[in-house]
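Down below is the structure, laid out as structure tokens.
Basis for what follows: all heavy atoms, side chains included, without hydrogens, waters or symmetry-related copies. Every chain is numbered from 1 and lettered A, B, ... according to where its sequence line falls, protein lines coming before strand lines.
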Protein chains: 2
Amino acid sequence: MTGSPENGRYKQVLVVRSDLKMGKGKIAVQCSHAAVSASEEARKSSLDWWRTWMHEGQSKVAVKVSGLSPILDLERRSRENGLPFYVVRDMGLTQVEPGTVTCIGIGPGPVVKVDLLTGDLPLL
Amino acid sequence: MTGSPENGRYKQVLVVRSDLKMGKGKIAVQCSHAAVSASEEARKSSLDWWRTWMHEGQSKVAVKVSGLSPILDLERRSRENGLPFYVVRDMGLTQVEPGTVTCIGIGPGPVVKVDLLTGDLPLL
């Protein structure tokens with residue numbers, strides 16, 4: 001079951017660029033890539049967080065930003081705060097230019113730590 | 001980088017119910033859940049497939065069906081064909097009723113095997 005982040009102590013946030021005007025299928029694939037890769041980062045670097053998040057039901061939220069700069073800022077702040085993350089760069093075969101940064105996955109990590117970075121961002 | 005399934009020998013397909021009229025954020029979260037969980041199934045049951053898929057860049061495609069029945073059919077056929085899969089049931093806190101099946105993730109698996117089940121489905 002997928003659930004609300006309020007149910008658990010751990011969450012993952014998928015932050016998507018809305019300025020690229022991607023279709024819903026493209027967004028779904030970019031978020032899925034971020035989710036798998038950030039989850040894999042967590043499994044390697046923060047195994048306890050990953051295990052608890054999986055056990056709790058993998059809470060995830062999708063939010064949006066309007067350009068590249070906020071994504072790069074979130075990348076830097078994730079690194080500084082010790083949160084697993086993954087920045088997705090698309091091959092650009094459809095809809096966007098090759099190498100375009102489309103989204104970042106942050107976490108799984110403790111809700112309080114993740115919300116410090118993403119709590120103010122609007123839902124996708 | 002995310003890429004086209006034609007680039008690699010392995011792919012994952014995310015099959016979403018279009019009849020539920022979910023918003024793009026909801027769809028992104030459901031697909032991400034399917035992607036992480038089906039990937040985890042593959043890591044446990046088909047490690048060589050999972051490793052190659054990750055190394056190739058995690059090709060993913062999002063497609064759609066118009067009801068529950070095609071999802072359950074794909075679940076049965078994935079099992080019969082030895083493909084890793086995961087059916088997502090939503091807690092129903094937003095947009096859908098509790099326990100609603102929203103999507104299925106199939107693979108990563110060999111493109112030929114996955115396409116046998118999903119090759120005819122329209123892109124999301």
Report task. For chain B, find which of A:Gly23, A:Ser37, A:Ala34 contributes the most heavy-atom pairs closer than 4.5 angstrom. Result -> A:Ser37
Query raised in the report: Distance from B:His33 atom NE2 to A:Cys31 atom SG, nearest 0.5 Å?
Result: 15.0 Å
Query - Reported NZ-to-CD distance for the pair B:Lys60 and A:Gln30, which is rounded to 0.5 angstrom - result: 8.5 Å
Query raised in the report: Among the clusters formed by ILVMFWY side chains lying less than 4.5 Å apart, do A:Trp50 and B:Trp50 turn up in the same one?
Result: yes
Query raised in the report: Would one find more than 12 heavy atoms of other residues, nucleotides or ligands at under 6.0 Å from atom CZ of B:Arg51?
Result: no
Query raised in the report: Are A:Lys24 and B:Val16 side-chain neighbours, meaning at least one heavy-atom pair lies under 4.5 Å?
Result: no
Report summary line: With chain B, the option among A:Gly105, A:Ser39, A:Ala28 that has the most non-hydrogen atom pairs under 4.5 Å is A:Ala28
Report summary line: Applying a strict 4.5 Å limit to non-hydrogen atoms, the region of B:Leu123 in contact with chain A is neither
Query raised in the report: When clusters are formed by joining ILVMFWY residues with side-chain heavy atoms under 4.5 Å apart, either directly or through shared neighbours, do A:Ile27 and A:Leu68 land in the same one?
Result: no
Query raised in the report: So do A:Arg43 and B:Arg43 actually touch side chain to side chain, heavy atoms under 4.5 Å?
Result: yes
Query raised in the report: chain A heavy atoms under 4.5 Å from B:Thr102: which part of the residue, side chain, backbone, both or neither?
Result: neither
Report task. Spell out, yes or no, whether A:Val65 and A:Ile106 are grouped together once hydrophobic residues are joined by side-chain heavy atoms under 4.5 Å, including indirect joins. Result -> yes
Query raised in the report: With the 4.5 Å side-chain cut-off for hydrophobic clustering, are A:Val87 and A:Leu20 part of the same group?
Result: no
Report task. Of all the heavy-atom pairs spanning B:Val29 and A:Ala62, show the shortest one and how long it is. Result -> CG2-N, 3.7 Å
Query raised in the report: Counting only heavy atoms not in A:Glu80, do more than 12 fall under 6.0 Å of its CD?
Result: yes
Requested in this report: Could you state whether B:Val36 and A:Leu83 fall into the same hydrophobic cluster, counting links through intermediate Ile, Leu, Val, Met, Phe, Trp or Tyr residues with side-chain heavy atoms under 4.5 angstrom apart?
Outcome: yes
